[in-house]
Engineer: 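Attaching a single structure in structure tokens format; questions to follow.
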There are 2 protein chains.
Amino acid sequence: MKFDDKVPIYYQIKNYLYHEMMTGALKPGDKLPAVRQLAVDLTVNVNTVQRALGEMITEGILESQRGKGNFVTMDEQRITQLKEQLVMEQLERVYEQLHALNLTDEQIIASLKQYIAQRGQRDDQRVSD
Amino acid sequence: MKFDDKVPIYYQIKNYLYHEMMTGALKPGDKLPAVRQLAVDLTVNVNTVQRALGEMITEGILESQRGKGNFVTMDEQRITQLKEQLVMEQLERVYEQLHALNLTDEQIIASLKQYIAQRGQRDDQRVSD
DNA sequence: CCTAGTGTTCTATTTAACTATTACACTATA
DNA sequence: TATAGTGTAATAGTTAAATAGAACACTAGG
């Protein structure tokens, strides 16, 4: 896995696992790959994986069973809540950044629309390659 | 200044200075505060400031004059270009993150609109305090 | 010339993140 | 009960970021 060296790897692992859950690749009750396997897959150390998982366990999003494995919580509401929180964090951050760059609310929305439209074209291009 | 400990301080200083330029607090040709003064203002070490400035000088956005100070480039086009680049980076990041959270293009735009609308209410609330 | 203000560079130290390695604890199952 | 698979913990070493402090180089103005 490719990491952005501007932010701690364990933090990026958390985000990766969040995404797996949000897209349904990991469902409530699912067992995660073994920590040693995850370490190999992500090409990082077991301790780094453990740090990410440890925080997610504290957050109540994962549950650990010694000798068995790590599992996604069965509490679906907790997952829904997490997703809303993650989306909100993204929106808040981009809004504040663009606002700091002196864009008005309208300009922020317009620029996002434009970006997505252009991206759509670019993706269409790719498909037709 | 408050920093996010998930990303290097020198990187956050760069962003801070970018924003000062985009909002017009720092205009083309303006002299920046002395590096030692900046270090005091931002409550960081001179070397950390220097690292941020050094990169911006390399980028051609700042110009250094030994014994005089650091100045914002007079090349306004370079600044315009930078702003577009910064906006684009923000849009790209938020788009990819929200897309990874399984939101459609339409949902991404809708959620941003909703966020801004709600934020507007919140800000109105504050004003009336 | 001297001095104050400025950018620049260097060395040493500290801290957090990451890695490497090993050991331990628990579970399931043959 | 032995073994393979799992999570957990501890120790030690490496690296990048940040800090602290000092020294050097240049500019402007008295």
Side-chain angles (χ1 to χ4, degrees), chain A residues 1-18 20-21 26-75, chain B residues 1-18 20-21 26-75:
Chain A
M1 185 170 168
K2 27 81 190 159
F3 293 104
D4 175 0
D5 63 358
K6 290 290 184 308
V7 38
I9 294 177
Y10 77 91
Y11 204 78
Q12 297 180 60
I13 293 175
K14 283 179 67 176
N15 271 312
Y16 164 73
L17 292 175
Y18 285 152
E20 290 291 292
M21 294 172 62
L26 282 175
K27 302 185 197 309
D30 275 2
K31 179 184 173 185
L32 270 65
V35 288
R36 291 175 183 76
Q37 187 58 49
L38 268 178
V40 171
D41 294 347
L42 303 174
T43 59
V44 296
N45 191 270
V46 177
N47 300 308
T48 308
V49 171
Q50 193 66 22
R51 176 160 184 182
L53 298 189
E55 291 196 2
M56 293 177 75
I57 289 166
T58 301
E59 290 166 4
I61 211 69
L62 292 184
E63 288 170 12
S64 164
Q65 294 187 37
R66 199 185 187 106
K68 290 184 177 174
N70 290 301
F71 301 82
V72 178
T73 180
M74 298 290 274
D75 183 351
Chain B
M1 185 168 168
K2 26 80 190 157
F3 293 103
D4 176 359
D5 64 356
K6 290 292 184 304
V7 40
I9 293 177
Y10 78 91
Y11 204 78
Q12 297 180 59
I13 293 176
K14 284 179 67 176
N15 271 310
Y16 164 72
L17 292 174
Y18 286 153
E20 291 289 291
M21 294 172 59
L26 282 175
K27 302 185 198 308
D30 275 3
K31 181 184 171 185
L32 270 66
V35 288
R36 291 174 182 79
Q37 187 58 47
L38 269 177
V40 171
D41 293 349
L42 303 174
T43 61
V44 296
N45 190 272
V46 178
N47 299 306
T48 309
V49 171
Q50 193 67 19
R51 176 159 185 182
L53 298 190
E55 290 198 1
M56 294 176 74
I57 290 167
T58 301
E59 290 166 4
I61 212 67
L62 292 184
E63 288 170 12
S64 165
Q65 297 188 34
R66 199 183 187 110
K68 290 184 179 177
N70 291 299
F71 301 81
V72 178
T73 180
M74 299 288 275
D75 183 351

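Each chain gets a letter, A, B and so on, in the order its sequence line appears, and its residues count up from 1.
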Engineer: Using whole Å, what does the distance between atom C1' of nucleotide D:dG7 and atom CE of A:Met56 come to?
Structural biologist: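 Distance check: A:Met56 CE to D:dG7 C1' gives 16 Å.
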Engineer: So, B:Gln12 side chain and B:Asp4 main chain: donor-acceptor pair closer than 3.5 Å or not?
Structural biologist: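 Such a contact is found between B:Gln12 side chain and B:Asp4 backbone.
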Engineer: Can you tell me how far C1' of D:dA18 sits from CD of B:Glu55, to the nearest Å?
Structural biologist: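 So the two atoms are 14 Å apart, to the nearest Å.
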Engineer: Under 4.5 Å between any side-chain heavy atoms of B:Ile13 and B:Phe3, yes or no?
Structural biologist: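 Yes - at least one pair of side-chain heavy atoms lies under 4.5 Å apart.
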Engineer: Taking the minimum atom-to-atom distance to the side chain of B:Asn70, which one of C:dT19, C:dT8, C:dA25 wins?
Structural biologist: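 Of the candidates, C:dT8 comes closest.
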Engineer: Mind calculating the distance between CG (B:Asn47) and C1' (C:dT13) to the nearest angstrom?
Structural biologist: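 Going from CG in B:Asn47 over to C1' in C:dT13 covers 13 Å.
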Engineer: Judged by each residue's nearest nucleotide on DNA chain C, which is more toward the 5′ side, A:Val46 or B:Ala34?
Structural biologist: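 Result: B:Ala34.
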Engineer: Counting only distance, no hydrogens or angles, is the base of D:dA17 paired donor-acceptor with the side chain of B:Asn45 under 3.5 Å?
Structural biologist: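 In this structure, the two groups form no donor-acceptor pair.
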Engineer: Give the rounded distance in Å between these two atoms: CD1 of A:Ile9 and C1' of C:dA20.
Structural biologist: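 It is 14 Å, rounded to the nearest whole Å.
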Engineer: Can you figure out which of C:dT8, D:dT8, C:dA17 approaches the side chain of A:Arg51 most closely?
Structural biologist: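 Selected nucleotide (nearest to the side chain): C:dA17.
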Engineer: With respect to the phosphate group of C:dA28, does any side-chain polar atom (N or O) of A:Lys68 fall under 4.0 Å of OP1 or OP2?
Structural biologist: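 Looking at the OP1 and OP2 atoms of C:dA28, one of them is under 4.0 Å from a side-chain N or O of A:Lys68.
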Engineer: Does B:Thr48 make a side-chain N or O approach to OP1 or OP2 of D:dA17 shorter than 4.0 Å?
Structural biologist: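 B:Thr48 to D:dA17 OP1/OP2: no side-chain N or O under 4.0 Å.
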Engineer: Expressed in angstrom and rounded to an integer, what is the separation of B:Leu42 atom CG from D:dA17 atom P?
Structural biologist: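 Rounded to whole Å, this separation is 19 Å.
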Engineer: Just how far, in rounded Å, is C1' of D:dA28 from CZ of B:Arg66?
Structural biologist: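 Rounded to whole Å, this separation is 16 Å.
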Engineer: Write down the distance between CZ (A:Phe71) and P (C:dC26), rounded to a whole number of angstrom.
Structural biologist: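 Computing the A:Phe71:CZ to C:dC26:P distance gives 17 Å.
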Engineer: Roughly how many Å is it from CD in A:Gln50 to P in D:dG7, rounded to a whole number?
Structural biologist: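 Interatomic distance, CD of A:Gln50 to P of D:dG7: 8 Å.
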Engineer: Under 4.5 Å between any side-chain heavy atoms of A:Leu62 and A:Ile57, yes or no?
Structural biologist: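 A:Leu62 vs A:Ile57: side chains touch.
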Engineer: Is there a donor and acceptor pair closer than 3.5 Å between the side chain of B:Arg36 and the base of C:dG5?
Structural biologist: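 No such pair is found, so the answer is no.
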Engineer: Compare all side-chain heavy atoms of B:Asn70 with those of B:Met56 and state whether any distance is below 4.5 angstrom.
Structural biologist: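 No, too far: nothing below the 4.5 Å cut-off.
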Engineer: Heavy atoms, side chains only, cut-off 4.5 Å: are A:Leu32 and A:Glu20 in contact?
Structural biologist: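 No, too far: nothing below the 4.5 Å cut-off.
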